[in-house]
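Worksheet for the structure shown next.
Below, chain A is the first sequence line, B the second, and so on; all start at residue 1.
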Number of protein chains: 2
Amino acid sequence: MKFKPPDDTVPLLRMTRQRRIILEEFHTPGRHPTPDDVYMRIRRKLPNISLGTVYRNLEILSQAKLIKKLRLGCRQRRYDGGLHRHYHVRCVKCGKISDIPADSFPDLDDTAKGHGFKILGHQLEFEGLCQACRKAGRSQKGR
Amino acid sequence: MKFKPPDDTVPLLRMTRQRRIILEEFHTPGRHPTPDDVYMRIRRKLPNISLGTVYRNLEILSQAKLIKKLRLGCRQRRYDGGLHRHYHVRCVKCGKISDIPADSFPDLDDTAKGHGFKILGHQLEFEGLCQACRKAGRSQKGR
DNA sequence: TTTCATATTGATAACAGTTCCTATCTCCGT
DNA sequence: ACGGAGATAGGAACTGTTATCAATATGAAA
């Protein structure tokens, strides 16, 4: 089995066992794992896989548009298997990440036109406090 | 001279020579320097300043809201002295960064409400091609 | 099924950005 | 002028990511 290469200069991409198992990680929706997350989980199935292979394949899979690379504010990079248009909120306290559907937002790329750039896309991430951390904060303040 | 501390736990922040000169870097508008950029420029005036001091002070100044920390998609962190509400476009080819005024955008924080998080802010960055790189790309394709 | 060109792997080293640490120094209030 | 809180310099340590490379596994053709 092969799949579409990232660009025309690369002749062929093979769907290896490692690559397939990495990709399977993204079939569970709502997760936004870091490369290290993926590495840790995958080692149950492939104990000998190397971290470099995980990095390499996440990059390749995202270039092939099978997953999405998130370039967010947090330290580590994350990847997302979600296909639908959506944004993310990150809890500034605990780091939890949730999806925010993009339906209610206007076409931001379109709004950004007219400043000398050909707009190709955008990254939008919200910061906030999740419910749990909000509760924790309130009880602390109350003391 | 003193300035407002990042939060109530810190009693006082001194406006030291290093800190002032770092801050002065941001009086020139339209720049979005990385810590290393700042370090390189500042060493003309303060040859003995250490990179660690630059990092520390950029963080402190941004917590004190005197500059803004940009957490964008590119590898290095950037800081922005601009006070007005605006977003950024980054050229995917050359890395050039330009401002995009936020006037024409709706209140994104408000739009993101109602998903269990208390929204505190957001980071929005556009990716695109600047005029120069677009021209270069076209001429290449034409060949 | 076998063969073969080559994409991919795993291991390791290299790397860049950032944080941490300690001794020293500076500023500010007294 | 002195004392002490807090800042600095310098460098080492750490983290996340990328590059290198010999050995291996893959997919396609015969």
Side-chain angles (χ1 to χ4, degrees), chain A residues 1-23 32-40 42-64 66-67 69-79 90 95, chain B residues 1-23 32-64 66-67 69-79 95:
Chain A
M1 177 190 180
K2 298 181 215 159
F3 62 103
K4 197 175 172 302
D7 62 72
D8 307 341
T9 65
V10 182
L12 161 74
L13 287 177
R14 293 175 185 163
M15 184 53 83
T16 61
R17 198 153 57 100
Q18 291 85 338
R19 200 165 280 172
R20 181 164 24 79
I21 291 182
I22 287 173
L23 188 53
H32 316 86
T34 63
D36 210 62
D37 291 339
V38 175
Y39 177 58
M40 290 307 188
I42 276 188
R43 284 216 293 182
R44 301 179 202 161
K45 297 177 185 173
L46 297 171
N48 291 330
I49 197 170
S50 86
L51 183 56
T53 300
V54 173
Y55 269 98
R56 198 182 323 112
N57 279 307
L58 289 173
E59 183 60 29
I60 288 173
L61 290 171
S62 73
Q63 285 187 9
L66 295 177
I67 60 178
K69 190 202 288 191
L70 305 182
R71 330 173 93 231
L72 305 181
C74 46
R75 183 151 37 243
Q76 275 188 88
R77 172 185 311 176
R78 290 175 180 277
Y79 291 88
R90 175 172 45 86
Chain B
M1 178 190 180
K2 300 178 210 163
F3 64 103
K4 198 176 169 299
D7 61 70
D8 307 341
T9 66
V10 183
L12 160 74
L13 289 176
R14 293 180 190 154
M15 183 52 81
T16 60
R17 197 154 57 103
Q18 289 88 340
R19 199 164 278 170
R20 180 163 25 79
I21 291 181
I22 288 173
L23 188 54
H32 315 87
T34 64
D36 210 61
D37 291 338
V38 175
Y39 178 57
M40 290 308 189
R41 291 178 60 96
I42 275 188
R43 285 217 292 183
R44 301 179 203 159
K45 297 177 186 173
L46 296 171
N48 290 332
I49 197 169
S50 85
L51 184 54
T53 299
V54 173
Y55 270 97
R56 192 182 334 105
N57 280 306
L58 289 174
E59 184 60 28
I60 288 173
L61 290 172
S62 72
Q63 286 187 8
L66 295 177
I67 61 179
K69 189 202 289 192
L70 306 182
R71 329 173 94 229
L72 306 179
C74 46
R75 183 152 34 246
Q76 274 189 90
R77 173 186 309 177
R78 287 176 181 277
Y79 291 87

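Residue A:R56 is in base contact, counting any heavy-atom pair closer than 4.0 Å across all strands shown. Within 4.0 Å (heavy atoms only), A:D36 reaches no atom of the nucleic acid at all. The residue A:E59 sits apart from the nucleic acid: no heavy atom pair falls under 4.0 Å.
Considering only side-chain atoms of B:R14, the nucleotide from C:dA11, D:dT17, C:dT26 that sits closest is C:dT26. Of the candidate nucleotides D:dA9, D:dT26, D:dT8, D:dA9 has the atom nearest to the side chain of B:I49. For A:M15, taking side-chain heavy atoms from C-beta onward, the closest of the listed nucleotides D:dG27, D:dA7, C:dT18 is D:dG27. Side chain of B:T16, nearest nucleotide from D:dG16, D:dA9, D:dA7: D:dA7. Ranking D:dT26, D:dA9, D:dT17 by closeness to the B:T53 side chain, first place goes to D:dA9. The nucleotide whose nearest atom lies closest to any side-chain atom of B:S50 is, among C:dT18, D:dA9, D:dG16, D:dA9.
A:R19 places its CZ atom 8 Å from the C1' atom of C:dA7, with the value rounded to the nearest Å. We find that CG of B:L58 is positioned 12 Å from P of D:dT8, with the value rounded to whole Å. The separation between A:R75 atom CZ and C:dT19 atom C1' is 9 Å, rounded to whole Å. Rounded to an integer number of Å, the gap from A:Q76 CD to C:dG17 P is 18 Å. Atom pair B:Y79:OH and C:dT18:C1' shows a separation of 10 Å (rounding to whole Å applied). Atom pair A:R71:CZ and D:dT17:P shows a separation of 11 Å (rounding to whole Å applied). Taking atom CZ of residue A:R43 and atom C1' of nucleotide C:dG10, one finds them 12 Å apart after rounding to whole Å. Regarding A:N57, its CG atom lies at a distance of 14 Å from the C1' atom of D:dT18, rounded to whole Å.
Where B:L51 and B:R17 each meet DNA chain C at their nearest nucleotide, the meeting point lying more 5' is that of B:L51.
When the side-chain nitrogen and oxygen atoms of B:R77 are compared with OP1 and OP2 of C:dT18, one or more of them lie within a distance under 4.0 Å. Contact between the side-chain N/O atoms of B:Y55 and the OP1/OP2 oxygens of C:dT19 is not found at any separation under 4.0 Å. The phosphate of C:dG10 (OP1 or OP2) has a side-chain N or O of A:Q18 nearer than 4.0 angstrom.
The only member of A:V38, A:I67, A:D37 that meets side-chain contact (heavy atoms from CB on, under 4.5 Å) when paired with A:Y79 is A:I67. A:L46 pairs in a side-chain contact (heavy atoms from CB on, under 4.5 Å) with only one of the listed residues (A:I22, A:I21, A:T53, A:V54), which is A:I21.
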Stepwise, does the side chain to side chain contact (heavy atoms under 4.5 Å, CB included) test hold for A:R20 with A:R17? CA-CA 5 Å; A:R20 181 164 24 79; A:R17 198 153 57 100; 3.9 Å; yes
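With hydrogens and angles ignored, the 3.5 Å screen pairs a side-chain donor or acceptor of A:R78 with a backbone N or O of A:H32. Put simply, the side chain of B:R19 never gets that close to the backbone of B:N57: no donor and acceptor are under 3.5 Å apart.
Residues A:R90 and A:G95 come closest through the heavy atom pair CG-O, 4.1 Å.
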